[in-house]
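Below is one structure; the comments refer to it alone.
Throughout, numbering of the chain's residues begins at 1 and tracks the sequence.
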Amino acid sequence: MGLLVSREEKKEDTVIRVGNATIGDGSLCIIAGPCTIESRGQLEEVAEGLAKTSTNILRGGAFKPRTSSYSFQGMGKDGLDLLSRAKAITGLPTISEIVDIADLSLFDDVDILQVGAKNMQNYTLLKALGKQEKPVLLKRGWANTISEFLESAEYIYREGNHNVILCERGIRTFETSTRNSFDINAIPLLKEKSHLPVIGDPSHGTGVSGLVLPVSMAIVAAGADGLMIEVHNNPECALCDGFQSINLEEFKLLENRARIYEKIRNFNCTSI
């Protein structure tokens with residue numbers, strides 16, 4: 001028997017609805033917000049700016065598993081409280097990364113639980129998230145194959161939670177000019193192999209703010225169900241990943257072009 005997340009087991013696309021946002025129905029879902037919640041002012045300025053665009057879901061990290069123990073680790077519960085406040089102000093559903101299942105109760109007001117690249121093969125966490133009902137966005141590890149990625153999604157799916165979203169966020173290669181090498185092949189390949197929604201994260205995928213817009217267009221053109229973009233009100237002063245974040249004005253340009261690309265790819269040539 002094939003994987004439950006495979007196209008062999010289910011032919012039709014899985015569609016996930018969170019509030020007014022839909023992922024997997026052929027439209028483009030845009031997830032945006034700061035990599036890390038730093039303060040009430042920072043988050044609300046970004047959230048209110050995004051609410052004036054076609055952004056569908058607000059992202060904000062409260063728990064950050066950093067490579068260096070000296071790096072900013074996030075605001076924890078206080079960050080999630082600020083995210084709830086921003087949700088109430090804007091009406092946007094939210095997503096935030098969970099790193100420990102013991103913290104699950106703190107995420108009561110978060111709409112989508114994110115599993116980061118560092119935890120893609122944390123099977124204990126994946127199985128526990130499969131036993132709860134909230135949608136889970138699973139990021140591909142930077143050194144994992146497509147098959148391994150789908151096997152990780154299976155851990156969540158087989159426990160009963162079928163609301164799983166796959167996120168390609170770049171892999172580590174020999175190239176040092178960018179933080180990662182975005183695997184554009186993964187978008188159509190995952191769509192072919194799995195019925196789950198697939199989105200792309202060009203912020204982590206490149207690690208270079210100037211590359212986020214063009215790579216986003218490639219992701220949309222490749223057929224992704226969504227984009228995850230890191231947006232900061234002042235990237236130069238960000239406590240986490242400012243070098244790959246864009247500001248609100250840059251995001252508005254990206255959003256506008258992404259919606260144009262969305263219309264082009266979904267245009268039915270047979271209607272001519």
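The shortest side-chain heavy-atom distance between Ile31 and Leu137 falls under the 4.5 Å cut-off. The shortest side-chain heavy-atom distance between Tyr123 and Ser152 falls under the 4.5 Å cut-off. By the 4.5 Å heavy-atom criterion applied to side chains, Ile30 and Arg259 are counted as neighbours. The shortest side-chain heavy-atom distance between Asn161 and Leu129 does not fall under the 4.5 Å cut-off. Side-chain contact between Ile146 and Arg140: present, with at least one pair of heavy atoms (C-beta onward) separated by less than 4.5 Å. For the pair Asp201/Ile199, no side-chain contact is recorded, criterion being any heavy-atom separation below 4.5 Å from C-beta on.
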Verdict with reasoning, Arg85 to Asp81, per salt bridge (Lys or Arg N to Asp or Glu O under 4.0 Å): CA-CA 6 Å; Arg85 179 182 173 87; Asp81 290 341; over 6 Å; no
Stepwise side-chain contact (heavy atoms from CB on, under 4.5 Å) test for Phe63 and Glu97: CA-CA 6 Å; Phe63 294 89; Glu97 182 174 358; 6.0 Å; no
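Salt bridge absent: Glu154 and Arg158 never bring a charged side-chain N and a carboxylate O closer than 4.0 Å. Under the 4.0 Å criterion applied to side-chain N and carboxylate O atoms, Arg17 and Asp111 are not assigned as salt-bridge partners. Salt bridge annotation for Glu159-Lys127: absent, with no cationic side-chain nitrogen under 4.0 angstrom from a carboxylate oxygen.
For Ile229 against Ser216, the heavy-atom pair with the smallest separation is CD1-OG, 3.6 Å. Considering every non-hydrogen atom in both Leu254 and Met217, the closest pair reads O-CE, 3.8 Å.
Inspection of the Ser177 and Glu175 side chains reveals an N or O donor paired with an N or O acceptor under 3.5 Å. For the 3.5 Å distance criterion, the side chains of Gln244 and Glu230 qualify, holding a donor opposite an acceptor. Glu255 and Thr55 share no side-chain donor-acceptor pair at under 3.5 Å.
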